[in-house]
Amino acid sequence: MKKILLLGSGELGKELTISLQRFGCHIIACDKYKNAPAMQVSQKCEVFDMLDSNKLKQVIAEHKPDLIVPEIEAIDTESLIQFEKNGIKVIPSSRAVSMTMNRDKIRNRAKELGIKTARFGYAESLDELIEMFHNINGKVAIKPVMSSSGKGQSYASTVSDVRKAWTIALTGMRGKKKKVIIEEFINFDYEVTLLTIIDSKGNFHFCPPIGHVQERGDYQYSWQPAKCEKIIVKQMKSIARKIVKDLDGKGLFGIEFFVKKGEIFFSELSPRPHDTGMVTMFTQNFSEFDLHARAILDFTIPKIEIYKKGVSQVILANKNAQGKFLIKGIENAFQDKTIDIRVFGKPETKPYRRMGVILASNIKNAKKALSKIKVVNI
Ligand SMILES: Nc1ncnc2c1ncn2[C@@H]1O[C@H](COP(=O)(O)OP(=O)(O)O)[C@@H](O)[C@H]1O
Ligand SMILES: [Mg+2]
């Protein structure tokens, strides 16, 4: 029985825990708050800040896991590199985790590998940011290099927007280092996630592309399969192979691309299951969590098939949400017998916090079900 230390215990970690337990694994779920989703289904849990290297070392020394499986970016990756040297396997690899912890390393690496991205630059002060804005010359996206789920992200078309974007970035960033990435805004035709699996023998497997729509830099709904020309899928797979091979390791990766007039832009990559990939719980014979579990346990990857088309639609807390809550209307939503729902079980709401997901066969049914569900603070 493999002992697995899960670093990050959100909704993706919860589904991964369930998938791993089906293969007899023992999971220690970690996060910085109590009763996080994965902790509700794991054998053990630890509550601490995973950026705190001493605490991380202490937890690892106590549990002596076989595998460390990160579910989020905010981890002390330097310690992970040390642990890997001492024989504890980090998934997919400590290199992949440290390269993708912030936006800059992976973006620089993509450039070195000759992979096309939006034009970009970095700034560590407002003056530098304004200078970069003039260099890029046009609408831009500005994001803290340390952030996720759209936090601290905004768009700018004028110098006055850039000033606002700098403040937004500083408010939304993680960590102490003031550094932002400024990217040319790509007015893409569509964006997709390509779930890419590399198994322990180095073989690649792909899920059909997932389309998605984002608001405030956070995903609202996704669907699979995305309408994507064959030639585009072929090119995306070739980029995915190149970058995943370079990162090293085994497991499932979520790779984000923008597509504009037949041109592909690599956007970012998560070395783990992806939020837009929750749709695979409805559409595929094996979900992204089952596939990640199999890859990291060195099992054979089965043939991946889409059973039916599907959509995942997030259930969000409202703009001013705070604290304890009830989710109302699930029984009403289930009047549509074709949908399914996952409630994550987060202990509290926050503004726009993702509380659950609706799985449906098309966006119309998903939106109809969503209109019947309310997240109400109590
Ligand atoms: N350069 C860009 N041009 C156009 N849209 C962008 C750009 N950067 C980000 N976006 C939009 O914002 C979303 C979130 O940005 P992303 O870089 O993926 O951040 P996160 O790590 O928070 O998911 C993207 O999926 C896309 O819809
Ligand atoms: Mg993203």
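Predicted, not measured: the structure shown is a model, and the values here were computed from it. Indexing begins at 1, ligand by ligand and atom by atom, following the structure's order.
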Chemist: Would you mind checking if K55 and D76 are paired as a salt bridge, meaning a charged N to carboxylate O distance below 4.0 Å?
Modeler: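 Looking at K55 together with D76, the answer is no, because their closest N to O distance does not fall below 4.0 Å.
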Chemist: Looking at residues at least two apart in the chain, or sitting in another chain, which of them share a side-chain hydrogen bond (donor to acceptor under 3.5 Å, both in side chains) with K105?
Modeler: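 Here no residue qualifies.
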Chemist: Could you grab the distance from atom CG of L12 to atom CG of D275, nearest 0.5 Å is fine?
Modeler: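 Reported to 0.5 Å precision, the distance equals 6.0 Å.
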Chemist: Is it the side chain (CB and beyond), the backbone, both or neither of F258 that lies under 4.0 Å from ligand 1, heavy atoms counted?
Modeler: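 Side chain only.
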Chemist: Which residues and atoms, counting only protein N, O or S, are under 2.8 Å from the Mg ion (ligand 2)?
Modeler: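 Result, waters dropped: E256 OE1, E256 OE2, E268 OE2.
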Chemist: Yes or no: does F188 have any heavy atom under 4.0 Å from an atom of ligand 1?
Modeler: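 F188 counts as a contact of ligand 1 under the 4.0 Å cut-off.
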Chemist: Assess the side chains of Q214 and E191: does a donor N or O sit below 3.5 Å from an acceptor N or O?
Modeler: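 Side chains of Q214 and E191: no pair found under 3.5 Å.
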Chemist: Using the side chain to side chain contact (heavy atoms under 4.5 Å, CB included) criterion, which residues pair with I81? Sequence neighbours excluded.
Modeler: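 Side chain to side chain contact (heavy atoms under 4.5 Å, CB included) list for I81, sorted by chain: E78, K85, S94, S98.
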Chemist: Below 4.0 Å, non-hydrogen atoms only: which portion of F120 touches ligand 1? Side chain, backbone, both or neither.
Modeler: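 For F120, no heavy atom sits under 4.0 Å from ligand 1.
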Chemist: Looking only at the side chains, is there a donor atom on one of Q224 and T283 sitting less than 3.5 Å from an acceptor on the other?
Modeler: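 There is such a pair between these side chains.
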Chemist: Which protein non-hydrogen atom lies closest to atom 19 (O) of ligand 1, naming both residue and atom, and how far is it?
Modeler: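 The closest one turns out to be R103 NH1, 3.2 Å.
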Chemist: Only heavy atoms count here, so choose which of Q153, R107, Q214 is nearest to atom 12 (O) of ligand 1.
Modeler: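 Nearest heavy atom to atom 12 (O) of ligand 1 lies in Q153.
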Chemist: Looking only at N/O atoms, are G150 and ligand 1 under 3.5 Å apart anywhere?
Modeler: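 Right, the criterion is met.
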Chemist: Could you give the distance from NZ (K44) to CG (L5), rounded to the nearest 0.5 Å?
Modeler: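 CG of L5 is found 11.5 Å from NZ of K44.
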Chemist: Can you figure out which of E183, K143, K151, R119 has its heavy atom closest to atom 9 (C) of ligand 1?
Modeler: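 Looking at heavy atoms only, the winner is K143.
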Chemist: Where does the angle between the aromatic ring planes of W223 and Y221 fall among parallel (under 30°), tilted (30 to 60°) and perpendicular (over 60°)?
Modeler: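 Tilted, since the angle between the ring planes falls between 30° and 60°.
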Chemist: Does F265 sit in a hydrophobic cluster with other residues, and if so which ones, taking ILVMFWY side chains as linked at heavy-atom separations under 4.5 Å, directly or through other members?
Modeler: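 Other cluster members: I186, F188, F258.
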